[in-house]
Amino acid sequence: MKFKFSICILAFVLLLAGCTTTSKSTPSGTTATKEENKTLTISLGPDLMTWDIHNHTTTTTEAIHVNVFDYLLMRDKEGEIQQHLAKEWKQINDTTFEFKLTEGVKFHNGEDLTAEDVKFSLERVATDETLRSHGDYDTIKEVKIIDDLTFQIITAEPDPMLLSRISRQASGILPKDYIEKNGWEHFESNPVGSGPLKFVEWKRDNQVVLEPNADYFGKKVTDFQKVVFRAIPEDSTRVAELLSGNIDIIANVPPSDWERVKGSDNSQIVNGPSNRNYMIFLRTQESWPTADVKVREAIDYAIDDRAIVDSLLNGGGTPSLTRVNPGDLGAEDELYGKYNYDVEKAKKLLAEAGYADGLTIELAGPTGRYIQDREVMQLIAGMLEEAGIKTEMNLMKWEPFVELREQQKFKDGYLIALGSSFFDAGQSLDYYSSERGSTINGYSNPEVDQLLSDAEKSMDESARIEMYQRVQQIADKEKPILPLFQIDQYFGVSQAVKYETRMDELIYVPDITKK
């Protein structure tokens with residue numbers, strides 16, 4: 001849907017959102033008891049994208065996967081890497097790590113989890129270039145089996161991010177024999193992992209149902225007999241379901257509903273920081289007006305990041321000129337907490353670029369995926385118009401937006417909020433490499449490529465930090481991507497449930513309990 005921004009329309013939308021009322025009764029009356037409170041129901045907004053853990057890069061999908069599939073290592077709530085499937089490990093040399101698996105771990109179908117499954121899982125994502133997560137794992141050259149519980153991960157070159165890679169998205173261990181016997185199509189309809197929850201059913205665009213794994217080797221889910229992830233993209237519907245007692249945890253509660261949630265006898269707001277940043281990706285290829293750095297600068301100076309954070313997020317974010325946040329290795333503190341805003345300078349830059357009479361661009365963006373995503377887009381469009389940039393918005397649900405982005409069918413640019421699951425600038429800044437840029441917005445800079453290449457092979461942490469900080473300084477000048485602000489997480493949570501946010505935004509059910 002395309003439409004032009006109107007401040008009056010936005011004000012009306014926000015007024016309606018703040019005035020929405022919700023009945024406490026439910027249409028069917030069947031969910032009031034929620035099976036005697038033995039079911040935990042969660043809505044993150046979008047539906048699960050796929051059960052193929054290697055063929056997506058979406059946190060809301062991984063937040064479900066993490067309960068069904070186990071990683072070799074796993075970050076705790078504080079972001080520190082801890083043992084998980086691998087109970088111990090050691091570095092043999094710059095390109096080899098050796099791991100020992102925990103004994104007695106079984107997949108949900110009763111098969112033992114062994115080094116053969118590790119080799120099968122990691123080598124698949126490392127070698128298959130068609131998989132969406134391939135780029136994060138292509139440093140792995142081989143998984144060498146020593147015995148059933150011991151293996152080595154060998155990389156083509158030194159890889160300082162290896163431990164981060166195997167503690168996050170797409171590094172879950174899959175059942176080799178089950179998949180080879182039944183095929184991938186069967187697996188995606190009947191997924192089997194080794195995690196704390198087992199698959200029951202998936203009704204696309206509706207819900208995913210899971211149940212506790214009584215034989216889990218780690219922290220078990222004991223307070224609930226069933227866990228349901230419901231797909232509810234609309235903010236108002238999620239809030240209504242929470243207030244009615246039909247859902248226990250909802251993500252991305254808009255600020256206009258915070259007081260309603262806090263004032264309810266049934267619910268509360270639980271918030272915390274995230275490692276996610278709103279940003280605008282802009283085309284740099286010739287024939288697009290945004291190929292001119294002055295146009296990109298003008299767009300940056302036309303957007304008042306602080307006003308967006310304060311007016312739409314009630315202060316729940318931090319403006320930034322980089323997507324590498326404090327706490328991530330390689331963060332450039334001089335760019336965090338700052339932003340550019342000068343409408344007159346934006347107009348001057350446009351005139352210098354040959355657009356003294358203004359120009360029109362199209363920005364794509366998702367709706368129902370991130371907190372206030374539609375409203376952020378609308379407010380940005382209004383700000384750009386004040387500087388002489390008319391914006392046509394192409395807003396769509398999450399899955400079609402992902403397809404548009406990955407197939408490069410967007411026009412001048414798009415709005416997105418990306419996280420950094422490795423907590424390392426090497427992952428965050430990969431978007432500035434020529435190889436990655438060729439699949440996104442065409443950005444290419446030989447100095448940036450050399451810095452990124454050197455940093456991703458260096459085992460000298462201080463040297464890596466310096467190189468990543470230099471990349472951020474260059475990116476701040478050339479602006480192929482406009483970082484806007486880091487966002488906080490705001491969950492609506494039932495008063496009957498104890499839940500804490502995680503920086504990595506995973507919803508790890510063993511950590512959720514009844515009060």
Side-chain angles (χ1 to χ4, degrees), residues 1-3 43-65 124-125 128-138 169-170 184-185 187-189 191 202-208 229-235 251-252 276-285 288 290 361-371 373-374 376-378 380-381 391-419 421 427 430-431 433 435-443 480-482 505:
M1 179 178 64
K2 298 182 181 180
F3 53 91
S43 180
L44 304 177
D47 189 21
L48 176 85
M49 292 193 70
T50 176
W51 279 109
D52 187 341
I53 65 171
H54 296 151
N55 206 22
H56 77 96
T57 56
T58 304
T59 305
T60 50
T61 289
E62 189 195 4
I64 300 174
H65 285 177
R124 178 190 185 230
V125 69
D128 188 342
E129 297 180 2
T130 67
L131 297 171
R132 287 174 171 143
S133 291
H134 168 72
D136 282 334
Y137 295 87
D138 60 359
Q169 189 164 279
W184 278 103
E185 185 175 345
F187 172 81
E188 290 189 44
S189 301
W202 177 26
K203 295 180 179 178
R204 188 176 285 277
D205 298 322
N206 186 341
Q207 65 182 22
V208 173
F229 286 88
R230 289 181 56 190
I232 308 177
E234 299 80 12
D235 292 345
N252 297 333
R276 186 172 298 277
N277 293 68
Y278 262 105
M279 60 191 74
I280 297 175
F281 281 70
L282 294 171
R283 293 277 193 186
T284 66
Q285 298 102 324
W288 297 94
T290 49
I361 63 173
E362 179 180 295
L363 293 180
T367 178
R369 167 61 182 93
Y370 311 112
I371 187 168
D373 46 17
R374 173 187 290 269
V376 167
M377 185 82 133
Q378 290 171 330
I380 285 174
T391 307
E392 295 179 347
M393 292 186 295
N394 184 9
L395 293 172
M396 58 189 70
K397 290 185 178 180
W398 179 241
E399 287 198 36
F401 171 76
V402 170
E403 182 179 348
L404 177 93
R405 177 178 176 243
E406 292 184 345
Q407 295 183 5
Q408 303 180 58
K409 293 181 179 179
F410 63 92
K411 294 189 177 179
D412 302 271
Y414 59 84
L415 178 77
I416 195 169
L418 293 179
S421 61
Q427 182 193 36
D430 182 53
Y431 287 90
S433 69
E435 182 178 359
R436 191 72 176 269
S438 68
T439 67
I440 302 174
N441 61 352
Y443 178 68
I481 303 168
L482 305 181
E505 300 181 49

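- Salt bridge absent: D412 and R283 never bring a charged side-chain N and a carboxylate O closer than 4.0 Å.
- One distance of note links OG of S133 with CD1 of I53; it measures 8.5 Å at 0.5 Å rounding.
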Inset, instruction - Step by step, work out the side chain to side chain donor-acceptor pair (under 3.5 Å) result for Q408 and T439. - result: CA-CA 7 Å; Q408 303 180 58; T439 67; 5.5 Å; no

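- Taking the six-membered ring for Trp, W398 and Y370 have ring centres closer than 6.0 Å.
- Remark: the backbone N or O of M396 is not paired with any side-chain donor or acceptor of T367 at under 3.5 angstrom.
- At a threshold of 4.0 Å, the pair D52-R124 counts as salt-bridged, since one of the basic side-chain nitrogens sits closer than that to a carboxylate oxygen.
- In this pair, Y414 and F281 present their aromatic rings parallel. The plane angle is below 30°, not in the 30 to 60° band.
- Under the 4.0 Å criterion applied to side-chain N and carboxylate O atoms, E392 and K411 are not assigned as salt-bridge partners.
- Looking only at distances, a side-chain donor or acceptor of N252 sits under 3.5 Å from a matching main-chain atom of R369.
- Side-chain contact between L131 and E129 is absent, with no heavy atoms from C-beta onward closer than 4.5 Å.
- Residues forming a ring pair (Phe, Tyr, Trp, His ring centres under 6.0 Å) with H54 (at least two apart in sequence, or on another chain): none.
- The main-chain N or O of F229 is never found under 3.5 Å from a side-chain atom of Q207 such that the two would form a donor-acceptor pair.
- Put simply, the side chain of H56 never gets that close to the backbone of M49: no donor and acceptor are under 3.5 Å apart.
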